[in-house]
Amino acid sequence: MSVSILQIAGIAITLALIIGVSLYSGKKVSGGADFATGGGGGGSLLVCGGIMGALVSSQATIGTAQLAFTYGLFAWWFTLGSGIGCLLLALFFADPIRKSGCTTEFEIIRREYGKQVETIGSSLCSIGIFISVLAQVVAGAGLVSVLFPSIGTAAAVVIMAVLMAVYVLFGGAIGAGMGGVLKLILLYIASIAGLVTVLHMTGGLSGLGASLQSVLVGTDLGNVQSAVSLSNINTPADLASRFYSLTARGPLKDIGSGLSLLLGVLSTQTYAQAILTGKTNREAKKGALLSACLIPPHGIAGIGIGLFMRTRYVTAAEATALAAAGKSIPAGMGTIASTIQVFPMFVVNHMPQFFGGIILGTLLVTIIGGGAGLSLGVATIAVRDIYTSISPKFQNPRVALNANRLTIIGVLALAALLGMAVPGATINDFGFLSMGLRGSVVFLPLVCALFLPGKIDRRAALASTVLGPVAVLAGNAVGLPFDPLFLGIAVCFVIHALGYRRKGVAVTTD
């Protein structure tokens, strides 16, 4: 398969638009405050763009289609949980975060519990955010490999890291927000077009369901699923339990995945940073509410594309399993190297070429914007919460600006190196783990600092900050039958309950 001239033209036009926006926004940046929060003068659309620019990334598009190819409706949890998280951000957290006068969530935590909690927590939270940056690089490399098969993995991840750096390096929060608005428009066009194409080609939802049943139920392909670590599909009930259920992998595990997204949104610096770009509390809340309304529908489009591709393609692993069983690939079905290629292969093979090129460019922008926005969050935490505790020179606006930019370069360079080692990973697994880690580190200390000031002993906050993510990682390592976030949050809750000060003794910071 090769990319046509028309598709390349569509990609080039889209990338030119987004790069132009980033360069234009760079003219508005004069110091660290402008870079971090855009000077706090944005409207609701800029706030929404900042949130969605990072949140509606590869995991909400390529990752959702990838998961839907394997599990169907379960793939909605990423965008559904993200939307609910944005709703809670608007209703309960936007006002107190803005009234705090702090730039980062960990500045709020430091004011309540001291520098030690801030330093340890910010370091652990940055690791969680970095995992999502890595997911963007991996997804982008997968897309590049579809467009240009001759480009190796190493070159693909380097290309993505460089594009992410260009996207945010000049404009910071303004560039992420303005680019997010443009990406929002393009992404909605792409999602609607993709879903319409699926429904047209399959004859609607009933036709899509009938196609799934004819391909999988009791067929050779359905009977080799166990060879790729999935349950065989022998009956319509087997098909329904796997592809038409939000809890295909088990209620506790899958609801926990949604919860990890919800808490991750509330616990991630990038989204709090977008809230601070609003010129008023009202504009900030409206931006978050708009995000809550717009994010979940993207998941529906991704699910439709994933299910459609399930009826048209087998994976290389399934093809190998069929050959081992003495069976052939079903007639008319193609082969994909990895499920990470589901969305881009759909666009390349099943949409009009020039318009498909625009959608491919939009996917690139989606991934680039997601990785760039998350990298900005890591850099802001590093400069405001870690570097300034080491040296007061980082409080200088110009020094802070340069430190932000250099940190972004370092984060993306490391993501590129690691991305070469995991080119075919399921990127939403990275997303769920990343959000779970952030939630276990930040959520309860932040909530108590905002709504229960002076009520929690700083030692409890410190213990929670360390033991919560340790519990999540341990649960993930042993393969618990439920989402390890439940374990991490339970540990944090117990520790905070033990550290509760009934008389509200004031907590002094060091």
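- Thr119 is not listed as a side-chain neighbour of Phe106, based on a closest heavy-atom distance of 4.5 Å or more.
- Annotation: side chain of Pro481 is not in contact with side chain of Leu252 (no heavy-atom distance under 4.5 Å).
- Side chain of Trp76 to main chain of Ile303: no donor-acceptor pair is present (N/O by atom type, distance under 3.5 Å, no hydrogens or angles).
- Between Tyr387 and Phe394, the ring planes lie tilted relative to each other; the angle falls in the 30° to 60° range.
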Discussion item. The test is side-chain contact (heavy atoms from CB on, under 4.5 Å); show your working for Phe486 and Leu259 and say whether it passes.
Written reply: CA-CA 9 Å; Phe486 285 120; Leu259 180 63; 3.7 Å; yes
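- Screening Ile295, Leu262, Ile51 against Ser82 for a side chain to side chain contact (heavy atoms under 4.5 Å, CB included) leaves a single residue, Ile295.
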Item to complete: Evaluate side-chain contact (heavy atoms from CB on, under 4.5 Å) for Tyr313 paired with Thr335, printing each intermediate quantity in order.
Response: CA-CA 5 Å; Tyr313 293 84; Thr335 302; over 6 Å; no
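- Between Arg249 and Asp254, at least one side-chain N (NZ, or NE/NH1/NH2) sits under 4.0 Å from a carboxylate O, which counts as a salt bridge.
- Looking at every heavy atom in both residues, Thr339 comes nearest to Ile336 through CA-CD1, 4.2 Å.
- Side-chain contact between Leu147 and Ile11 is present, with at least one heavy-atom pair separated by less than 4.5 Å.
- Looking at heavy atoms from C-beta onward, Met435 lies in side-chain contact with Thr268 at the 4.5 angstrom threshold.
- Here CG of Leu266 is found 11.0 Å from OH of Tyr271. Values are rounded to the nearest 0.5 Å.
- Here the closest heavy-atom approach between residue Cys86 and residue Ala288 is recorded as CB-O, 3.7 Å.
- A donor-acceptor contact closer than 3.5 angstrom links the side chains of Thr380 and Gln273.
- Expressed to the nearest 0.5 Å, how far CG of Asp220 lies from NZ of Lys327 amounts to 4.5 Å.
- Closest non-hydrogen pair, Arg312 versus Met201, comes out as NH2-O, 3.9 Å.
- To the nearest 0.5 Å, atom NE2 of residue His298 and atom CD1 of residue Ile300 are 11.5 Å apart.
- Residue-environment remark: CD1 (Ile5) stays at or below the threshold of 12 foreign heavy atoms within 6.0 Å.
- Atom SG of Cys125 is separated from atom CZ of Arg438 by 7.0 Å, given to the nearest 0.5 angstrom.
- Remark: Ile367 CD1 to Thr61 OG1 distance equals 6.0 Å, nearest 0.5 Å.
- Using modelled atom types and a 3.5 Å distance limit, the side chains of Gln225 and Glu318 yield a donor-acceptor pair.
- Here the CG atom belonging to Leu246 is positioned 11.0 Å from the OG atom belonging to Ser257, to the nearest 0.5 angstrom.
- Counting heavy atoms from C-beta on, the side chains of Leu412 and Gln136 never come closer than 4.5 Å.
- The backbone N or O of Ala400 lies less than 3.5 Å from a partner atom in the side chain of Asn404, making a donor-acceptor pair.
- Between Met309 and His350, the closest side-chain pair of non-hydrogen atoms falls below 4.5 Å.
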Practice prompt. Would you sort out whether Val133 and Leu414 count as a side-chain contact (heavy atoms from CB on, under 4.5 Å), showing the intermediate values?
Written response: CA-CA 10 Å; Val133 176; Leu414 179 58; over 6 Å; no
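- For Tyr71 and Phe243, the ring centers are positioned 6.0 Å apart or more.
- The two residues Ala471 and Val491 make their nearest non-hydrogen contact at CB-CG2, 4.0 Å.
- The minimum heavy-atom distance between Ile329 and Leu322, with the atom names listed, is CA-CD1, 4.0 Å.
- Between Phe346 and Thr197, the closest side-chain pair of non-hydrogen atoms falls below 4.5 Å.
- Here the side chain of Thr277 pairs a donor or acceptor atom with the backbone of Ala274 at under 3.5 angstrom.
- Between Met345 and Val146 there is a side-chain heavy-atom pair separated by less than 4.5 Å.
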Item to complete: Start with the C-alpha gap between Ile255 and Trp77, add the side-chain angles, then the distance that decides, and say whether side-chain contact (heavy atoms from CB on, under 4.5 Å) holds.
Response: CA-CA 8 Å; Ile255 293 173; Trp77 275 118; 4.0 Å; yes
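- Here the shortest heavy-atom pairing between Leu294 and Cys48 reads CD1-SG, 4.2 Å.
- In terms of modelled atom types and a separation under 3.5 Å, the side chain of Arg405 and the main chain of Ile408 share no donor-acceptor contact.
- Side chain of Ser191 to main chain of Tyr188: no donor-acceptor pair is present (N/O by atom type, distance under 3.5 Å, no hydrogens or angles).
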